[in-house]
Amino acid sequence: MNYRHAYHAGNFADVVKHAVMAQILQRLLAKPAPLLVLDAFAGIGLYNLAGVEAQKTGEAARGIQRIWPPPPASGALGQGLAPYLEVVRALNPRGPLALYPGSPELALRMLRPQDRLALVELHPDDCAQLRRNYARDPRVEVHQRDGFEALPALLPPKERRGLVLVDPPYEQPDEAARLVKSLGRAYRRWPTGVYALWYPIKERGPAEALLEAMRAVIPRRLLVAELTVFAQEQAFRLNGCGLALVNPPWQLDQALGELLARLQPLLAQEGGGHRVEWLVGEGTPDHEP
């Protein structure tokens, strides 16, 4: 209940998460059928990088500000970043970076009139701000409830297509276990959905344990994409982050390999690297999302 994403908006982990999310949405939106985006830990949706919280940590300086403004040459950062940066540019049309899109804002600006956005936020103040931010958009519904509990409760969607984003703060010792339990329940209810599960990398051991636990509940099509910004892992800092992707769209693995290869040297602080790897074989999907 104490976590407030406003202190971390636009950091390198946000850049990775949102660039990957935009790539997934771009592929899902290529088909005309409506879809749902469910954001289980939504925050407030839109962040002021000049605000007290963001200025207190200065994390955006090591994240979005490393790639903003984009080079004037078209495609200099690669096409993989284009969907994400187009949303950032729309929020900052005059150039200087003032506003940063959280996952809800990013999704909403990419979605079409026939699509739907379900936002879940437990923190009472953040949930109230979330409602104010999106009260006028009929595509948006806001739920004040626990994100892990909401996952199976709100699935499967009536649209039968969509993306579920799960990015808890991992402040409590049981959050990784709760995530895996909720993922397993959600997957059983909606095995054809696309899931993006963000996780921090401080020390390799806990991150690998989380991925192994996910493998136990996801029988097929589980892809991992990671980026680290330090060569040496230390428990007291965020050394990198990853996304475990269930049922990723076709050829997303290739696109993310190219995307992270371009991003990593721009976001690196002391070395680091990236990987895109299938944890559970891709195989042939029963249903293309």
Q: Not counting sequence neighbours, list each pair that qualifies as a ring pair (Phe, Tyr, Trp, His ring centres under 6.0 Å) and has a residue in residues 255-277.
A: none
(Q) Quick test of your reading: applying ring pair (Phe, Tyr, Trp, His ring centres under 6.0 Å), list the pairs with at least one residue in residues 135-168, sequence neighbours left out, ordered by first then second residue. (A) F41-F148
Q: Give the intermediate values and the outcome of side chain to side chain contact (heavy atoms under 4.5 Å, CB included) for residues D125 and I44.
A: CA-CA 9 Å; D125 293 340; I44 63 174; over 6 Å; no
Looking only at heavy atoms, what is the nearest atom pair of [X] and [Y], with distance?
X	Y	answer
L256	A225	CD1-CB, 4.0 Å
Q55	L49	NE2-O, 2.8 Å
L211	A244	CD2-CB, 4.2 Å
P219	V280	O-CG1, 3.1 Å
C127	V142	SG-CG1, 3.8 Å
V15	G10	CG2-O, 4.2 Å

May I ask you to test the [X]-[Y] pair for a side-chain heavy-atom distance under 4.5 Å?
X	Y	result
E226	L260	no
E149	S182	no
P206	Y199	no
E233	R204	yes
V140	L130	no
L179	P168	yes
L111	L35	yes
Q172	R178	no

Once rounded to the nearest 0.5 Å, what's the spacing between atom [atom1] of [X] and atom [atom2] of [Y]?
X	Y	atom1	atom2	value
R160	W190	CZ	CH2	11.0 Å
M110	L163	CE	CG	10.5 Å
L245	I218	CG	CD1	11.5 Å
I24	L29	CD1	CG	11.5 Å
L263	L81	CG	CG	4.5 Å
T228	E270	OG1	CD	12.0 Å

Can you check whether [Y]'s main-chain N or O pairs, donor with acceptor, with [X]'s side chain at less than 3.5 Å?
X	Y	result
E121	G43	yes
N92	A98	yes
N247	P191	yes
D146	L122	no
Q254	Q251	no
Y134	L119	no
R189	A153	no
R145	A150	no
R237	F230	no

Applying side chain to side chain contact (heavy atoms under 4.5 Å, CB included), can you list everything that pairs with [X], at least two apart in sequence or on another chain?
X	result
Q114	P34, R112
A107	M21, L25, V37, L117
V217	V180, L183
E59	H8, N11, T57, R62

Q.
Run the side chain to side chain donor-acceptor pair (under 3.5 Å) test on Q129 and N133 for me, step by step, so that the C-alpha distance in whole Å, both residues' side-chain angles and the decisive distance to 0.1 Å come before the verdict.
A. CA-CA 6 Å; Q129 183 62 56; N133 285 347; 2.8 Å; yes
Q: Answer yes if the side chains of D126 and H5 hold a donor-acceptor pair under 3.5 Å, and no otherwise.
A: no
Q: Could you walk me through whether V88 and L97 pass the side chain to side chain contact (heavy atoms under 4.5 Å, CB included) test, one step at a time?
A: CA-CA 8 Å; V88 179; L97 190 62; 3.7 Å; yes
Q. Are L279 and V166 joined in one hydrophobic group, where the rule is that I, L, V, M, F, W and Y side chains link up if heavy atoms are under 4.5 Å apart?
A. yes
Q.
Hydrophobic cluster membership, with links at side-chain heavy-atom distances under 4.5 Å among I/L/V/M/F/W/Y: are W278 and V194 in one?
A. yes
Q. Would the number of heavy atoms belonging to other residues, nucleotides or ligands and lying under 6.0 Å from CD of Q232 be above 12?
A. no
(Q) Tell me if the CZ atom of R185 is crowded by more than 12 foreign heavy atoms within 6.0 Å. (A) no
Q: Could you check S103 against K17 for side chain to side chain contact (heavy atoms under 4.5 Å, CB included), going step by step and ending with a plain yes or no?
A: CA-CA 9 Å; S103 303; K17 175 175 62 181; 4.1 Å; yes
Q.
Could you walk me through whether Q23 and Y84 satisfy the side chain to side chain donor-acceptor pair (under 3.5 Å) test, starting with their C-alpha distance in whole Å, then the side-chain angles of each, then the deciding distance to 0.1 Å, before giving a yes or no?
A. CA-CA 8 Å; Q23 279 287 306; Y84 163 58; over 6 Å; no
Q: Give me the ring orientation class for Y100 and H18: parallel if the planes are under 30° apart, tilted from 30 to 60°, perpendicular past 60°.
A: tilted
**Q.** Parallel, tilted or perpendicular: ring planes of Y170 versus W198, cut at 30 and 60 degrees
**A.** tilted
